[in-house]
There are 2 protein chains.
Amino acid sequence: MSRRHKATIRDVATAAGVAVGTVSRVLNGSGAVAPQTASRVRQAIAVLGFMPDAAGRSLRSGASRAIGVLVPTLSNPIFARSLEGIERAAAQRGFSTVIASSGYDPVRELDVVATLVARGVEGLVLTLTDTKPDRIDAVAGHGVPFVLAYNQPKPNGGAPRFSLATVDSRVALQEATEQLIALGHRRVAFLGGAFASSDRSRARYEGYRAAMDAAGLPAWDPAEIPFDAQDEAFEAALGDLIGRLVAPTALICSNDLLGLHAVAAARRHGLAVPGDLSVVGFDGMPMARIAEPSLATVAQPARRMGEAAVDLLFGLIAGGPPRQLILPHTFLEGGTLAAARADADPLRAGSATILGPTKPNRSPR
Amino acid sequence: MSRRHKATIRDVATAAGVAVGTVSRVLNGSGAVAPQTASRVRQAIAVLGFMPDAAGRSLRSGASRAIGVLVPTLSNPIFARSLEGIERAAAQRGFSTVIASSGYDPVRELDVVATLVARGVEGLVLTLTDTKPDRIDAVAGHGVPFVLAYNQPKPNGGAPRFSLATVDSRVALQEATEQLIALGHRRVAFLGGAFASSDRSRARYEGYRAAMDAAGLPAWDPAEIPFDAQDEAFEAALGDLIGRLVAPTALICSNDLLGLHAVAAARRHGLAVPGDLSVVGFDGMPMARIAEPSLATVAQPARRMGEAAVDLLFGLIAGGPPRQLILPHTFLEGGTLAAARADADPLRAGSATILGPTKPNRSPR
DNA sequence: ATGAAAGCGCTAACAC
DNA sequence: GTGTTAGCGCTTTCAT
């Protein structure tokens with residue numbers, strides 16, 4: 001079963017007694033080939049164990065049969081799962097998937113996209129850190145079809161300029177916040193990934209703020225956690241929230257990873273979840289659902305998102321227009337959710353300064 | 001910033017007033033180029049935004065600067081994390097990572113490897129379902145350097161025939177089982193992924209059995225969960241274990257995902273963890289550690305494993321000999337671990353048949 | 001329906 | 001130190 005030197009199309013042609021062009025036609029189903037000849041060629045292919053070389057094919061036809069994917073990280077299961085959907089959908093169409101991660105670094109991100117393009121991928125599925133027009137333009141400038149996944153660009157009226165598969169993070173988190181408010185919570189804090197590295201995090205904060213505003217409640221400054229040192233920085237941010245004299249009775253987290261850590265940290269600080277603090281996450285990671293208590297969260301269909309992104313991408317590759325797809329989200333109740341206690345003491349001892357919720361005109365930094 | 005037609009090396013040569021060969025030399029640092037000329041070339045490259053086309057380069061030089069990775073699934077964070085290590089290590093050397101998943105399907109697995117090879121990858125990092133010699137041979141037959149990750153092939157004396165980065169699952173689980181026995185557990189059951197799709201799972205079972213044997217305790221038949229329907233099938237298997245008249249006081253799971261589900265399921269069945277049932281996992285997923293109670297487990301360095309695999313792979317690509325690397329594992333205590341209760345009632349009502357631990361001469365099927 | 005030949009972008013071998 | 005050129009494996013005209 002071992003072959004020293006890979007067979008080329010010429011070897012096949014010789015073995016089948018035909019011209020290389022004919023072999024190519026059989027291979028690609030292009031042009032007409034006599035059934036008899038075709039089967040002779042197929043025979044030779046099988047005998048030699050021939051597989052067409054991707055580089056030669058790509059060089060000549062420009063069709064690399066590969067797509068490129070950029071994710072911020074693979075440590076977050078939500079992106080891993082989405083990638084799984086992408087890889088499957090691509091493989092189904094005979095496309096390979098080249099993967100790269102940005103580590104939430106806006107600079108590396110653009111380099112990585114350029115690298116992917118240089119590889120000759122026919123399309124891209126990207127989760128960018130930032131979706132401001134100039135960044136989108138930088139990507140579009142390569143002239144390679146692309147689809148954004150998970151991103152939350154500011155909507156612009158009129159026909160979409162690029163394709164997108166996502167959920168509406170803003171609305172989703174607004175609804176989640178409303179649930180908390182309906183449960184009697186008035187002091188609701190927000191904990192998110194750094195806005196500079198995640199437009200999702202920012203959109204979710206905006207949804208939170210919209211709900212608080214609508215209810216006439218003061219919105220808090222967001223606690224932003226840098227993505228590169230999530231575990232450690234997280235402790236600090238949560239300690240800060242908890243240390244405030246007017247402590248929150250509920251905490252909204254921009255993803256489940258953060259939510260899970262929040263539950264653990266709150267407990268280490270002696271707070272009961274959900275007794276003293278209700279927690280809501282975002283993503284719907286399976287693992288967060290089987291935790292005890294299960295994490296209340298906004299579920300998004302990660303795998304389907306990946307598949308949908310690939311569908312959109314192939315629409316683009318086929319010459320279709322950009323399309324923006326908003327997939328449905330679901331609010332999942334969970335054990336981390338409880339009604340606000342009527343007896344909650346708004347003032348706690350042990351801190352020198354008096355801190356309370358603030359209403360930022362603009363997010364900090 | 002947008003360029004309609006990608007610049008070629010010829011465009012650069014023209015712009016810089018040199019020959020294409022010179023540009024190539026600058027690009028690859030091969031041959032000597034006058035510093036002055038070089039900077040002129042670099043200038044032209046920058047102005048034109050030129051990036052060498054991977055297909056052309058690959059076709060000519062045979063160096064695709066890409067590696068291929070095969071994982072069983074990306075839904076298991078342990079593989080996602082390992083992939084992250086692989087991608088990073090590869091990118092650091094200027095290599096792209098082409099990814100594919102087998103879905104634990106031994107047939108698809110070999111196809112996928114062939115596809116990766118046809119893409120022209122210079123090396124492979126694989127986690128195979130099965131590592132019997134004929135399967136290894138099938139992979140080796142492509143003549144592309146490869147490294148196995150996570151796999152647990154039967155050791156063969158003498159110089160290794162292929163490279164490998166893994167932990168010693170057998171020993172690790174033997175140790176974990178010994179811990180359980182030291183805590184007074186005598187009825188210890190094993191829950192694992194289907195052996196036919198995972199040599200890790202099998203090796204772990206063997207470690208479990210070795211420890212039980214050494215302690216003079218009866219080993220149980222493994223409860224095997226198919227990977228394709230883990231969640232549902234899992235319920236059935238655990239129900240089975242729990243339904244036995246002589247129920248286990250401890251459960252060893254071949255991975256953390258299973259372990260987490262086991263804890264949740266046991267609770268749904270009214271069992272206290274660890275009061276009625278101690279549970280141990282395998283992998284050391286961060287998420288399982290922040291769960292409440294934290295999952296006792298055997299931690300393996302997933303990310304480092306990925307990086308190590310790439311190191312080994314480049315050793316191979318550079319012409320070095322195969323090397324097998326066993327990374328260290330760590331037993332992590334956790335809240336799912338408790339001493340066996342002295343008053344544990346070995347007989348429980350409600351079942352018609354009397355089942356107990358069995359000592360299989362050979363694993364079933 | 002099939003063969004012949006050009007050439008995709010690049011690197012490497014050779015000439016100067 | 002630099003220019004010229006052949007050709008990697010393939011697809012795709014253009015002939016026939």
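Reminder, nothing fancy here: chain letters follow the sequence lines and each chain counts from 1.
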Nearest to side-chain heavy atoms of Thr37(B), which nucleotide of dG3(D), dT2(D), dC10(D):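 Nearest to the side chain of Thr37(B) among the choices is dT2(D).
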If I take atom [atom1] in residue [X] and atom [atom2] in nucleotide [N], what distance separates them, rounded to the nearest angstrom?
{"X": "Arg40(B)", "N": "dG1(D)", "atom1": "CZ", "atom2": "C1'", "value": "12 Å"}
{"X": "Arg119(B)", "N": "dC10(D)", "atom1": "CZ", "atom2": "C1'", "value": "14 Å"}
{"X": "Gln36(A)", "N": "dA1(C)", "atom1": "CD", "atom2": "C1'", "value": "12 Å"}
{"X": "Arg65(B)", "N": "dC10(C)", "atom1": "CZ", "atom2": "P", "value": "15 Å"}

Test: Arg161(A) and Asp137(A) ion pair at under 4.0 Å: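 Between Asp137(A) and Arg161(A) there is a salt bridge, with a charged N closer than 4.0 Å to a carboxylate O.
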Salt bridge Lys132(B)-Asp130(B), side-chain N to carboxylate O under 4.0 Å: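 A salt bridge links Lys132(B) with Asp130(B).
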Exam field: side chain Arg303(A) to backbone Leu83(A), donor-acceptor pair closer than 3.5 Å: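 Pair absent, no side-chain N/O of Arg303(A) close to backbone of Leu83(A).
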Within-4.5 Å side-chain heavy-atom neighbours: Leu70(A) and Ser102(A):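 With C-beta onward as the side chain, the pair touches.
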Student check: side-chain heavy atoms of Thr115(A) and Val113(A) closer than 4.5 Å: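 Contact flag for Thr115(A)/Val113(A) side chains = no.
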Protein-nucleic acid N or O pairs under 3.5 Å, nucleotides 11-13 of chain D:
from, atom 1, to, atom 2, distance (Å)
dT11(D), OP1, Asn28(A), OD1, 3.4
dT11(D), OP1, Asn28(A), ND2, 3.2
dT11(D), OP1, Arg57(A), NE, 2.8
dT11(D), OP1, Arg57(A), NH2, 3.1
dT11(D), OP2, Ser24(A), OG, 3.0
dT11(D), O2, Arg60(A), NE, 3.3
dT11(D), O2, Arg60(A), NH1, 3.1

Sugar-phosphate only, base, or nothing, as touched by Ala34(A) at under 4.0 Å among non-hydrogen atoms: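 The answer is sugar-phosphate, as Ala34(A) gets under 4.0 Å only of primed atoms, P, OP1 or OP2.
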Which residue lies more 5' along DNA chain D, comparing Leu59(B) with Arg10(B) via nearest heavy atoms: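 Closer to the 5' end of DNA chain D: Arg10(B).
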Within 45° cone of Tyr150(A) ring axis and under 6.0 Å: Arg200(A) NZ or CZ: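 No - Arg200(A) does not lie over the ring of Tyr150(A) by the 6.0 Å and 45° rule.
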Parallel, tilted or perpendicular: ring planes of Phe314(A) versus Phe95(A), cut at 30 and 60 degrees: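 Rings of Phe314(A) and Phe95(A): perpendicular, as their planes differ by over 60°.
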Five-pair end axes of the helix from dA1(C)-dT16(D) to dC16(C)-dG1(D) and the angle they enclose, rounded to 10°: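 Between the first-five-pair axis and the last-five-pair axis there is 40°.
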Candidate pair Leu126(A) and Val139(A), rule side chain to side chain contact (heavy atoms under 4.5 Å, CB included), full reasoning: CA-CA 10 Å; Leu126(A) 311 169; Val139(A) 171; 3.6 Å; yes
